[in-house]
Amino acid sequence: MEGLETKWQQLWAERGTYAFQRPASREQVFSIDTPPPTVSGSLHVGHVFSYTHTDLIARYQRMRGKAVFYPMGWDDNGLPTERRVQNYYGVRCVPSVPYDPDFTPPEQPDPKRQVPISRQNFVELCLQLTAVDEQAFEALWRTLGLSVDWSYLYTTISPHAQHNAQQAFLRNYARGEAYMAEAPTLWDVTFQTAVAQAELQDREYAGHYYRVAFHGPDAPVYIETTRPELIPAVCALIAHPDDPRYQPLFGSTVKSPLFDVEIPVLPHFKAEPDKGAGIAMCCTFGDLTDVQWWRELQLPTRVILGRDGRLLAEAPEWLANPAPYAEMAGKTTFSAREAIVQLLRESGDLDGEPKPTMRMTNFFEKGEKPLEIISTRQWYIRNGGRDDELRQALIARGEELDWVPEYMRHRYTAWVEGLNGDWLISRQRFFGVPFPVWYRLDAEGNPDYAAPIMADEASLPVDPANQPAPGFTEEQRGVPGGFIGDPDVMDTWATSSLTPQIACGWVGDPELFGLTFPMDMAPQAHDIIRTWLFSRVVRAHLEHGLLPWHHAAVSGFVVDPDRKKMSKSKGNVIVPSDILDEFGADAVRWRAASARPGTDSPFDKLQMKVGRRLAMKVLNAAKFVLGMATDHAAPITNPADLSMLAQLASVVSAATEAFEAYEYTDAIEVTERFFWTFCDDYLELVKERAYGSQGAAEAASAQAALRLALDVLLRLFAPFLPFVTEEVWSWYHGEDSSVHLAAWPSVAELPNTGDPVLLDQVGEVLVGLRGAKSEAKVSMKTEITAATVSAPADALAGLQTVTADLKAVGRIVGEIEWREADAITVAAELQA
RNA sequence: GGGCGUGUAGCUCAGUUGGUUAGAGCGCCUCCCUUACAAGGAGGAGGUCAUCGGUUCGAGUCCGUUCACGCCCACCA
């Protein structure tokens, strides 16, 4: 088995075995929207499993005669790549730094002192590093035997992908589906970028409740807050309209502690009487409820937090008493909190001691500090989050889609129903697709955001940082009366939401697009339904009025033996190349195939061994079958042969039915079960006859049946064990033949006159014969001097037709005595 | 708090529309170098089908309850 991966991946590449040949019509194509892995990360066993699942379907469809469009993509665009480049080279992007064509990164990257470099230098390093990563990824996929057509490889940062992303964006804008807005936005202070709802993660975060007095006309009003540093930003106190404790205060004002700002006390149903003090301080902005209050109660905007997560250096003008602010100015929220708590203590406005609490807070999934809410100008795409008609239309798309497994549909619906805003696609980062947008500068040099200049579709892809706006020259950049380019890039999802369009040639290849879009199948893991799956539905719905594919196939995760998610920090990650080296690709694929769609699967290295044994068994069984000179046209007449082939026919039906339902697990299960019985019982039973012990005609029947069964089995196994089946196939088919291009087996190839039950009954007799020897602890070669087989009348008749085979396999030297009974049992006397 | 899923042998999992004695592989025990295969083969032990209740002649399977676990979402003063 050694070396099969190397040999065949090379031959397949040379022969173009998996090349997509464009057929005449869409019906002849099966197209797959392969998930483009993030190349800045590393591939783990979960990837290996889920990509294998896709490949199983691809190979099955190819054998069914479909032209399979199975491209690979690399997601090399966006923040993960930036982070990796920063760490790998010890650099950071500072857009104001000029381009240095001769820049070389430091030899020893110092994470504490990252070298500031220009945006262009930074992007070049990103491209350089991703190219290296992508080679390693491709090598792994080839070793695993993915039947990808590598000539259709795409990357999400390529000019082609940028063209798609910009073109789709321009069209969204033209139809009013993309828009720019200044609005409170979830903001990561570490990366200094806006973050979308889909990228949020809840995490526990330690904090304290502080009970703080606001000064009412008669008595203090106590609120409880976990974020006292935001007191300068308070614009209202809010209680529930039905709360009798606060009803008398509605409409009046209180003064904030330390700063003496007049704060209105207002009612709103969203306030919860049993939470904290029952009255909340609303500031701009502490959390998403604040945003809702601010919007619905039309409160003033009082911003004190900068984009870097620090309090603004200048004291805000609305503070009646600005003096205490000096203690907080310019500090991080954490330090500002310490400072103000000290001040509140001194002024007597802190009631009692802070109470420790663990609270759930929104984090950027890749970030380490809690998200802030900061008002910024951003680009959005409508996704139904603020528009019920669109929301209903997208929910209907989810209903229209075929889900494997079916219940994953609910996750989609729940996510769309829970959206609370449009899709924020702009990021204040560098390595991504730029917005094809410029802004005019007025006479004072202020940008006119109300009337952006959009690029012409014919000019795509463009980079407004390097190319002037239409109708302007580069000299007019940044000068009054001139223009500036939009500084932001699109989030990765804004590009990867278009993978069907990018892969299928929406831009530049209308013929391919017509043949492959909408695609047949979208494979992905279940964690990504809310992000990638949903965003592709949004884009295809808006652009084409269609679903981007017909089937969504959802894989589970590979989890560690304790059913915990594998993660680097736990040190329980299995390196895919290690298990591929140790057990071989076929064995790993076999294990992957036994993980059902949508179901998490615990990783157990021992199970790979079983897959390896199966692959080895295929080789050995084939060696035996092909070792005999076979007359292919010989009539198959022996009842045992016909019984075996009748069983195989039902295996073919079952496996086909399973694959049609994307249930590859059932297909391998039924095939494998048959194969082991085939080897252990049938093959042993007919061995001597096949060698000629019962004459030429009987031998020919066995040999023809063996050859036919092998040929069908190889094709049934081919999607699962592509290397070993191809190896065996090559032993007796022509040089140019590939099992992977052979026709999927059909029942019509097999004789239908056999009694499938006979072989099972033979199996029971064999167990009896072997059991007798096993119990006596003697070799299977030991002769049986006298045997009695008891069986029901109908079984007896069948068994008697294979008496010669039974005698041969059991080494029965005398005659078999047949007796009628309720069940099949065997009694045997062994040679002393 | 809402939703989805899962609970069958020590482990990983099958179990069709309810129908004799609940299956497979791994692991374990015993044995066997047998001419396709010792990186193999044969045989064996091992289960109150999470709980309680209901429907039925009959329930692992259908209905309800409870418990446990996992995931998604919401909340987060």
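The chains referred to below are lettered A, B, ... by the order of the sequence lines, with proteins before strands, and numbering in each begins at 1.
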Among [options], which is the nearest nucleotide to the side chain of [X]?
X        : options             : answer
A:Leu606 : B:C37, B:G27, B:C73 : B:G27
A:His526 : B:C71, B:A77, B:G27 : B:C71
A:Val610 : B:G25, B:C72, B:C37 : B:G25
A:Lys617 : B:G41, B:A39, B:C72 : B:G41
A:Arg613 : B:A77, B:G25, B:C4  : B:G25
A:Thr289 : B:C76, B:C4, B:C26  : B:C76
A:Asp600 : B:A36, B:G70, B:A24 : B:G70
A:Asn620 : B:G25, B:C37, B:C75 : B:C37
A:Pro602 : B:U12, B:A24, B:U34 : B:U12
A:Arg770 : B:A77, B:A36, B:G43 : B:G43

Across the strands shown, which category fits [X] at heavy-atom distances under 4.0 angstrom: base, sugar-phosphate, nothing?
X        : value
A:Arg227 : nothing
A:Thr226 : sugar-phosphate
A:Tyr205 : nothing
A:Asp604 : nothing
A:Ala271 : base
A:Glu775 : nothing
A:Met281 : nothing
A:Val625 : nothing
A:Ala414 : nothing
A:Cys679 : base
A:Glu272 : base
A:Glu684 : base
A:Lys609 : sugar-phosphate
A:Tyr209 : sugar-phosphate

Taking [M] as the reference, what is the distance to [N] when you measure between their [atom1] atoms (whole Å, please)?
N     : M     : atom1 : answer
B:G60 : B:C13 : P     : 22 Å
B:G41 : B:U34 : C1'   : 8 Å
B:A77 : B:C72 : C1'   : 26 Å
B:G54 : B:A59 : P     : 12 Å
B:G2  : B:U16 : P     : 31 Å
B:U55 : B:U65 : C1'   : 15 Å
B:G7  : B:U12 : C1'   : 14 Å
B:G53 : B:G58 : P     : 16 Å

Centroid-centroid under 6.0 Å between A:His240 and A:Phe269 rings
no

May I ask you to check whether A:His526 and A:Phe557 place their ring centers less than 6.0 Å from one another?
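Yes, the ring centres sit under 6.0 Å apart.
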
Could you let me know what [N] is paired to, Watson-Crick or G-U wobble, both distances under 3.5 Å, or none if it's on its own?
N     : answer
B:A42 : B:U30
B:C11 : B:G25
B:G1  : B:C73
B:G64 : B:C52

I need the [atom1]-[atom2] distance between [X] and [N], as an integer number of Å.
X        : N     : atom1 : atom2 : result
A:Glu406 : B:G3  : CD    : P     : 19 Å
A:Glu669 : B:C13 : CD    : C1'   : 9 Å
A:Gln201 : B:C72 : CD    : P     : 9 Å
A:Trp676 : B:C26 : CH2   : C1'   : 13 Å
A:Lys605 : B:G25 : NZ    : P     : 24 Å
A:Met628 : B:A36 : CE    : C1'   : 9 Å
A:Tyr682 : B:G41 : OH    : C1'   : 20 Å
A:Leu200 : B:C76 : CG    : C1'   : 13 Å

I'd like to know if A:Arg596 pairs up with A:Glu663 as an ion pair, taking the criterion as any Lys NZ or Arg NE/NH1/NH2 lying under 4.0 Å from an Asp or Glu carboxylate oxygen.
yes

State whether A:Glu582 and A:Arg612 are salt-bridged, where the test is any N-O pair (Lys NZ or Arg NE/NH1/NH2 against Asp/Glu carboxylate O) under 4.0 Å.
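Answer for the salt bridge query: no.
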
Between the side chains of [X] and [Y], does any donor sit under 3.5 Å from an acceptor?
X        : Y        : answer
A:Tyr732 : A:Asp711 : yes
A:Tyr682 : A:Asp641 : yes
A:Trp590 : A:Glu672 : yes
A:Gln247 : A:Arg245 : no

So, is [X] near the phosphate of [N], with a side-chain N or O under 4.0 Å from OP1 or OP2?
X        : N     : result
A:Lys777 : B:C32 : no
A:Lys623 : B:A36 : no
A:Arg596 : B:C13 : no

Validation row: A:Phe534, A:Ile529 side chains within 4.5 angstrom (heavy atoms):
no

With distance as the sole criterion, do the side chain of A:Asp202 and the base of B:C73 form a donor-acceptor contact below 3.5 Å?
no

Which sits closer to the 5' end of RNA chain B, A:Ser601 or A:Met408, going by the nucleotide each is nearest to?
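Result: A:Met408.
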
So which one's nearest nucleotide on RNA chain B is more toward 5', A:Tyr407 or A:Leu683?
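Result of the comparison: A:Tyr407.
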
Work out which heavy atom in A:Thr225 is nearest to a heavy atom in A:Val212; give both atom names and the distance.
CG2-CG2, 4.4 Å

